[in-house]
Amino acid sequence: MSLASVPSERGAEVGRRIGVGLMYGLWRPRVLGAWKVPASGPVIFAVNHSHNVDGPMVIGVAPRASHFLVKKEAFIGPLGRFMTRVGQIEVDRGTADRTAITRALGVLENGGVLGIFPEGSRGEGDFAALRAGLAYFAVRSGAPIVPVAVLGSSEKRGRLIKALPPLRSRVDVVFGDPFEAGDGSGRRTRKALDEATERIQKHLAAHLENARRLTGR
């Protein structure tokens with residue numbers, strides 16, 4: 001794989017710094033467990049998804065720069081060009097997007113952080129239904145998964161901009177303990193991926209329950 005096809009780590013760091021200013025400027029993030037994120041090496045953030053702001057929020061408050069898989073519909077005009085420049089990965093959810101898969105694996109091979117919404121699309125944000133993509137990336141790369149719960153982003157609608165949470169409202173981001181998705185055998189069979197998905201779902205559900213208990217949400 002050519003280096004040109006791998007999203008820029010420098011670009012992702014620029015995106016993180018911009019995110020810090022925006023997220024802390026517009027809202028009041030409360031971040032718990034950031035110290036649990038490994039300081040180096042490949043990592044996968046598995047983030048629940050109930051609001052469009054969840055990805056930018058994690059990008060802005062995480063201790064490391066991250067590259068999220070983002071639906072291709074979001075890559076429109078200037079916003080799309082900006083997201084590409086700051087290291088985010090365009091993915092076609094309607095097909096096995098080989099280009100996106102290659103770029104995402106390249107991030108992990110280079111020791112970077114890959115962000116995934118394992119539910120596939122915005123919903124209740126409760127990790128109730130997971131797609132197989134997260135298990136594939138985790139088993140294929142061997143990277144540990146860090147569960148991330150974003151709470152409060154979808155509780156209320158903003159007065160000025162209804163598509164966003166109310167300005168200066170509190171949004172909680174809770175990072176969990178890293179865990180391995182595979183069983184240690186290195187198998188990538190359909191059965192192994194199904195077992196990994198089941199293992200992942202139990203970890204993510206337990207983390208979300210703990211995050212709600214910690215934050216009172």
Val174 reachable from Val31 in the ILVMFWY side-chain graph, under 4.5 Å edges: no

Mind checking whether Leu214 and Val37 sit in one hydrophobic cluster, side chains of I, L, V, M, F, W, Y counted as touching below 4.5 Å? no

If you compare all heavy atoms of Thr215 against all heavy atoms of Arg170, which two are closest, and at what distance to 0.1 Å? O-NH2, 3.7 Å

Evaluation steps, side chain to side chain contact (heavy atoms under 4.5 Å, CB included), between Leu32 and Asp172: CA-CA 8 Å; Leu32 304 175; Asp172 292 322; 5.8 Å; no

Quick one: do His67 and Glu9 satisfy side chain to side chain contact (heavy atoms under 4.5 Å, CB included)? Show the steps, please. CA-CA 8 Å; His67 308 262; Glu9 184 72 17; 3.2 Å; yes

Heavy-atom distance under 4.5 Å between the side chains of Ile101 and Phe137, does that happen here? yes

How long is the straight-line distance from CG of Leu151 back to CG of Asn48, given to the nearest 0.5 Å? 6.0 Å

Specify the closest pair of heavy atoms between Arg103 and Gln88, including all atoms of both residues, with the distance to one decimal. NH1-O, 4.3 Å

Student check: side-chain heavy atoms of Ile89 and Leu114 closer than 4.5 Å: yes

In the single-linkage hydrophobic clustering (I, L, V, M, F, W, Y; side-chain heavy atoms under 4.5 Å), do Val53 and Leu79 co-cluster? yes

What are the two closest heavy atoms between Val146 and Gly176, and how far apart are they? CG1-O, 3.6 Å

Below 4.5 Å, heavy atoms only, C-beta onward: do Phe45 and Phe175 meet side chain to side chain? yes

CD1 of Ile18 to CE of Met23: how many Å apart, nearest 0.5 Å? 10.5 Å

Considering all heavy atoms, the nearest Ala143-Val43 contact: CB-N, 4.2 Å

Under a 3.5 Å distance rule, please check whether Arg64 uses its side chain to pair with a backbone N or O of Pro38 as donor and acceptor. yes

A side-chain contact here means heavy atoms from C-beta on lying under 4.5 Å apart; do Val107 and Pro7 qualify? yes

Looking at Lys202, I want to see if its NZ is surrounded by more than 12 non-hydrogen atoms of other residues, nucleotides or ligands under 6.0 Å. no

Output the distance between atom OG1 (Thr99) and atom CG (Asp92), rounded to the nearest 0.5 Å. 10.0 Å

Answer whether the closest heavy-atom distance between the side chains of Met83 and Glu90 falls below 4.5 Å. no

Would you check if Pro147 and His203 make a side-chain contact, meaning some heavy-atom pair closer than 4.5 Å? no

Using atom types as modelled and distance alone, determine if a side-chain donor or acceptor of Asp183 lies under 3.5 Å from a backbone N or O of Ala196. no

Audit row: Glu13, Arg16, salt bridge (Lys or Arg N to Asp or Glu O under 4.0 Å) steps and yes/no: CA-CA 5 Å; Glu13 177 59 26; Arg16 188 185 75 83; 3.0 Å; yes

Can you name the nearest heavy-atom pair linking Leu134 to Ala46, along with the distance? CD2-CB, 3.8 Å

Are the side chains of Glu198 and Asp194 in contact, using a 4.5 Å heavy-atom criterion? no

Student check: side-chain heavy atoms of Val171 and His51 closer than 4.5 Å: no

Report the C-alpha separation of Val6 and Glu109 in whole Å, then their side-chain angles, then the decisive distance to 0.1 Å, and conclude whether the side chain to side chain contact (heavy atoms under 4.5 Å, CB included) test is met. CA-CA 10 Å; Val6 179; Glu109 288 171 9; over 6 Å; no

Candidate pair Arg213 and Asn210, rule side chain to side chain contact (heavy atoms under 4.5 Å, CB included), full reasoning: CA-CA 5 Å; Arg213 187 168 57 249; Asn210 184 55; 2.8 Å; yes

Any chance CZ of Arg17 has more than 12 other-residue heavy atoms, nucleotides or ligands included, within less than 6.0 Å? no

Heavy-atom pair with the smallest gap, counting every atom of Asn52 and Pro56: O-CD, 3.4 Å

If the plane angle is over 60° it's perpendicular, under 30° parallel, otherwise tilted; pick one for Phe117 and Phe68. tilted

Nearest-0.5 Å distance, CD1 of residue Ile200 to CD1 of residue Ile44: 8.0 Å

CD of Glu119 to CD of Gln201, rounded to nearest 0.5 Å, is 9.0 Å

How about Arg168: does its CZ atom have over 12 heavy atoms from other parts shown lying under 6.0 Å from it? yes

Is the backbone N or O of Pro166 less than 3.5 Å from a side-chain atom of Trp27, with the two atoms forming a donor-acceptor pair by type? yes

